[in-house]
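One-based numbering along the sequence shown. None of these values were measured; they are calculated from a predicted model. What you see below is based on every heavy atom in this structure, not just the backbone, and it leaves out hydrogens, waters and symmetry mates.
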Amino acid sequence: MKHEITFTRLSKIDPAEIIAHMSDPRVAEHMPLLTFEWDEAAVAKFIATKEACWSRDGLGHWAILQDNQYVGWGGFQKEGDEWDYGLVLKPNSFGHGVRISKKAFEFAVADERIPYVTFLLPPSRKNLGALKRLGAEFVGEISYDGSTFLKYQLKTK
């Protein structure tokens with residue numbers, strides 16, 4: 001049975017759900033920039049930052065729902081001249097990343113502003129088969145906020 005995947009704004013999610021999600025050590029394992037404790041102030045700042053991206057760029061990160069239940073967040077964020085795609089799922093939804101990403105990429109393909117998307121992954125991520133199956137190509141290593149990331153690019157046009 002396929003579960004319905006929908007996207008909504010992060011501001012529509014109970015902050016306690018985001019706190020629980022982002023406080024799970026299995027989520028933090030592959031997020032080197034996650035160096036603070038998630039509380040109501042952190043969630044408020046996070047949502048305000050993501051909403052500012054929507055206001056500035058007309059696109060940003062969504063809350064991701066499966067059968068109307070919050071399973072994580074992700075989407076597109078403008079980094080300089082590039083659109084970076086990120087996806088942070090709750091551990092019980094880790095296996096749904098490809099399906100969710102394919103739905104998100106439909107937006108990128110339909111948006112003339114996005115000729116390609118980039119992905120920044122920490123070197124701790126070893127299972128990159130799904131990314132390669134999507135057609136993403138390795139660009140190189142970059143430093144972002146003092147951490148090293150593997151940068152990939154996927155053409156949408």
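Salt bridge absent: K151 and E79 never bring a charged side-chain N and a carboxylate O closer than 4.0 Å. A salt bridge links K90 and E17; the closest N-O separation between the charged side-chain nitrogens and carboxylate oxygens is under 4.0 Å.
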Item to check | Worked check of ring pair (Phe, Tyr, Trp, His ring centres under 6.0 Å) between F119 and F149 | outcome: CA-CA 9 Å; F119 307 83; F149 289 88; over 10 Å; no

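You'll find the side chain of L134 reaches within 4.5 Å of the side chain of K102, heavy atoms only. Counting only heavy atoms from C-beta outward, the side chains of V27 and L89 never approach each other to under 4.5 Å. Side chains of M22 and V88 form a contact here, defined as non-hydrogen atoms less than 4.5 Å apart. A 4.5 Å side-chain heavy-atom check between H21 and Y70 finds at least one atom pair inside the cut-off. R9 has its side chain out of reach of K50: every pair of non-hydrogen atoms, C-beta onward, lies at least 4.5 Å apart. With a 4.5 Å cut-off on side-chain heavy atoms, Q153 and K155 count as touching. Residues W83 and D57 are in side-chain contact: their nearest non-hydrogen atoms beyond the backbone lie under 4.5 Å apart. Considering only heavy atoms from C-beta on, L150 stays 4.5 Å or farther from P122 through its side chain.
Of the N and O atoms on the side chains of E82 and Y116, at least one donor lies less than 3.5 Å from an acceptor on the other residue. No donor-acceptor contact under 3.5 angstrom links the side chains of T118 and Y85, judged on distance only.
Interatomic distance, CD of E141 versus CG of L120, reported as 12.0 Å (0.5 Å rounding). Annotation: the span from L59 atom CG to R113 atom CZ amounts to 6.0 Å, rounded to 0.5 Å. One finds the CZ atom of R99 at 11.5 Å from the OG atom of S101 (value rounded to the nearest 0.5 Å). Interatomic distance, L10 CG to W54 CH2, rounded to the nearest 0.5 Å: 9.5 Å.
Shortest non-hydrogen contact noted between I18 and W38 is CG2-CZ3, 4.1 Å. Closest approach of S23 and I19 over heavy atoms only: OG-O, 2.7 Å. Contact between A108 and V117 at its shortest, heavy atoms only, is CB-CG1, 4.1 Å. Nearest heavy-atom pair across A136 and L154 is N-CD1, 3.7 Å. For T6 against E4, the heavy-atom pair with the smallest separation is CG2-OE2, 3.7 Å. Heavy atoms only, all atoms of each residue included: K157 and A110 are closest at NZ-N, 4.3 Å.
The aromatic rings of W62 and F76 sit perpendicular to each other, their planes meeting at more than 60°, with 30° as the lower class boundary.
In the hydrophobic clustering of this structure, L121 groups with F138; members are Ile, Leu, Val, Met, Phe, Trp, Tyr whose side-chain heavy atoms approach within less than 4.5 Å, directly or through other members. Linking Ile, Leu, Val, Met, Phe, Trp and Tyr residues whenever their side-chain heavy atoms come within less than 4.5 Å leaves F94 and V98 in two separate clusters.
The backbone N or O of S143 sits nowhere less than 3.5 Å from a side-chain atom of T148 that would complete a donor-acceptor pair. A side-chain donor-acceptor contact under 3.5 Å links T156 to the backbone of I114.
Among the candidates V71, I64, L65, D67, the single residue satisfying the side-chain contact (heavy atoms from CB on, under 4.5 Å) test with I5 is I64.
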